[in-house]
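Below, read A as the first sequence line, B as the second, and so on, with proteins coming before strands; counting in each chain starts at 1. It should be emphasised that the depicted structure is a prediction, and the values quoted were computed from it without experimental measurement.
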Amino acid sequence: MNEIFNKPYEAKEFEQDIYRQWEESGYFNPDNLPSRHDKGPFTIIMPPPNANGHLHAGHAVFITLEDIMTRYKRMQGYRALWVPGADHAGFETQIVYEKKLEKEGRSRFKMDPKELYDEIMAFTLENKKYMEEEVKRVGASCDWSRERFTLDPDIVVEVQKTFKKMFDDKLVYRGSRTVNWCTKHQTSLSDVETESVEKIDKLYYIKYGPFVVATVRPETIFGDVAIAVNPNDERYAQYIGQEIEIENPNGKLMVKVIADEAVDIEFGTGALKITPAHDNNDFAMSQKHGLPAVVVIDQFGKLNERTGKYAGMKIAEARTKVVEDLEAMGLIEKIEEYKHVVPTCYKCGTTIEPRLLPQWFVKMSAQGGLAEKAAKAVEDGRIEFIPDNYRKIFLYWMNNTIDWNISRQIVWGIPIPAKVCDDCNFGTAEDIDICPKCGSQLRKDTDTFDTWFSSGQWPLLTLNYPDGKDFKQFYPTDVMETGYDLIFKWIPRMVIFGLYLTGEVPFKTVYLHGLVNDEKGKKMSKSKGNVVNPIDIIEKFGTDALRMALVVGNTPGNDTSFSESKVKGYRNFANKIWQATRFVLMNSEGFDDTREPQLTERDKEVLKEFSDMKENITNLLDKFMIHLAAENAYHYFWHTFADVIIEENKERLKSENESDRHAAQHVLNTILRGSLKFLHPFMPFVTETVYDNLPGNDGKMLMIEEW
RNA sequence: GGACUCAUAGCUCAGUUGGUUAGAGCGUUCGAUUCACAUUCGAGAGGUCACAGGUUCGAAUCCUGUUGGGUCCACCA
């Protein structure tokens, strides 16, 4: 018996070395697998972690789940491929870096874009290294030789080609409309990057000529171009179509009265002021009725020169001031408390300021368009969700989607390869210099892509679409495993791009895991101080223990609670595997496995139970019931094999009857070796360490043994 | 306003197509232990499976409703 078994299992002593051996074996790369591995392929694309910080518990969960799937399939003889990556995470990283700048007393707005870009690149590349090291610590058996970064030059080229193709196919267009603008971050955001927050604001009833209009934004009255009423509202029928004079603190103004079904007769006074430049609804209505848009608030959330004496004031200040002045003029009829929902920046909570800007949009919702095709793929069962209820959520979103704004006014990202006209808002993906619409000089667009524009193509880009041999071999992939919070942000984009570019879905199964909460079931957050760093846990209890704690009882689609005592329990289990091995080896001196054992009825029963258990775990893994598979494997090994079977056989191992002793040895060795296999996907380090040190296993690697 | 989800032991959670006495981890009580393992072993206490109906030979599981958590979506100013 190898002397390493003479002291308790200490994960730290083995894990990093084992990982290095795996890497050196080359078997993470399916091209290097032995010829037995002729099934498949089986492919998972790793959701690329953001290269702007360290791993958190959520990363550890997805790495564990995907690693379990990959190792299981690899052992089954599939050509298993798990492609790692790193995400430049445009807006997210830019914010992380801006905070850093802020701490240093610097600001991105005072920096040259190139200089800023280079600094963020250096920062990202450094963090990328940490991130990769940490992914390895969790035991990821992914193919590092295929690792991709979302800013790799060839990937940038491919992403830009997609834009061009979509432009040619009229699926992207330059639109000038109200977009979600964050006044703090100075960029527009897509609909999924805003968060609706309930707020209580004042609803002001303002006398407006013969009308009273209700508004929460009196400071925008300088941008009003119309009053809208419902065509069926008898109170106002006489005014429809007229130009009427209204009064505001800056003087008198003519506005048109329009009729639109969208106006709710019951709400407020049934009359609505229309400010196209600063409200999404109003903008839509202005388009319908051919009204102009008057901009009165600038990109910093301050009132502009059109507002006279209010120019330069911030929105909140201007609102107070305007209301005071209106009140003095006797134009405020009443003020009510009003609860409503406002969109905010999902990163900083700043209220989104709708802003009229020319931007690039992906046409999502047209009939037979991108969203509809994605919905159809799911309806047809070409993509399956685990858990199944996310199918409905996905479909709901696909059927209610709006055009996707892909322009970001930040430097950290892939440049949009377009030329734009500042005079008439024309934009093109063609390489021309003069605006065909107005004759002005075009300039290169300085905006970058929404990060989801590139990560939406990730399953294609990682496999070197369109000409790479990986693409031909491994696309479409098998499983996309990610957090349920990405059901809108990421999953639909991948489906859309996959179908658009290849006609095929990018993956067949979407497995969604939940959040990792603390031991009380509360969300982890820095401010609560309950954040768990997976690397700390690994240092303390070992990777295998962490993995089990994250996986057992963690049902797909549901949040899971993490507690150190749970990890401790599985650390003990790792040692249990170690000690059971030690016992079996101590009692296997002279054991010759080639001889046919004389099995008792009980032996046969025990071996049958064992093979039933193997089958059970296999079925569970096939059904993606990883939480149950892990628990059953654990339970069988400890409470059946160690507690019952080993105990039952202790006497026989000391028996003078050689044949009986041999039968006992056979049973124990068979189950031990077999159990190491079914435990391996969950607890790869301890099982590999044990397996490598079993007599006769020199040079063998459990990772590629037959399931 | 719409949708989803959860409610099971003191705590955190499982319970795989409805099928005997409902499980795990932690905690707890009692006991054991020169034995592979104190990172151990054995035994126990602890649950009207949120509530009310229904379907069924049989329901924690399926259906309806109620209550109470959680999450997501939402351009009535």
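For A/K489, no side-chain nitrogen or oxygen approaches OP1 or OP2 of B/C72 to under 4.0 Å. Put simply, A/W638 has no side-chain N or O that comes within less than 4.0 Å of OP1 or OP2 on B/U40. OP1 or OP2 of B/A14 sits under 4.0 Å from a side-chain N or O of A/T555.
A/R319 forms no cation-pi arrangement with A/Y204, by the criterion of a distance under 6.0 Å to the ring centre and an angle within 45° of the ring axis.
Listed in residue order, the members of residues 619-633 of chain A having a heavy atom less than 4.0 Å from RNA chain B are A/L620, A/K623, A/M625, A/H627, A/L628, A/E631.
Distance, A/E198 CD to B/C76 P: 12 Å, rounded to whole Å. Rounded to whole Å, atom P of B/A74 lies 8 Å from atom OH of A/Y396.
Within 4.0 Å (heavy atoms only), A/S561 reaches sugar-phosphate atoms of the nucleic acid but no base atom. Nucleic acid contact class of A/G569 (heavy atoms, under 4.0 Å, all strands): none. Using a 4.0 Å heavy-atom cutoff across all strands shown, A/F283 reaches no nucleic acid atom at all. Here A/I646 lies in heavy-atom contact (under 4.0 Å) with a base.
Interface remark: the A/K650 side chain does form a donor-acceptor pair with the B/A36 base, using a distance-only criterion of under 3.5 Å. A donor and an acceptor atom never sit less than 3.5 Å apart when one is taken from the side chain of A/K566 and the other from the base of B/C26.
Remark: B/A52 base-pairs with B/U64. Criterion, Watson-Crick or G-U wobble with two distances under 3.5 Å. Pair assignment for B/A74: none, as no Watson-Crick or G-U wobble contacts are both less than 3.5 Å.
A/M613 is listed as a side-chain neighbour of A/N616, based on a closest heavy-atom distance under 4.5 Å.
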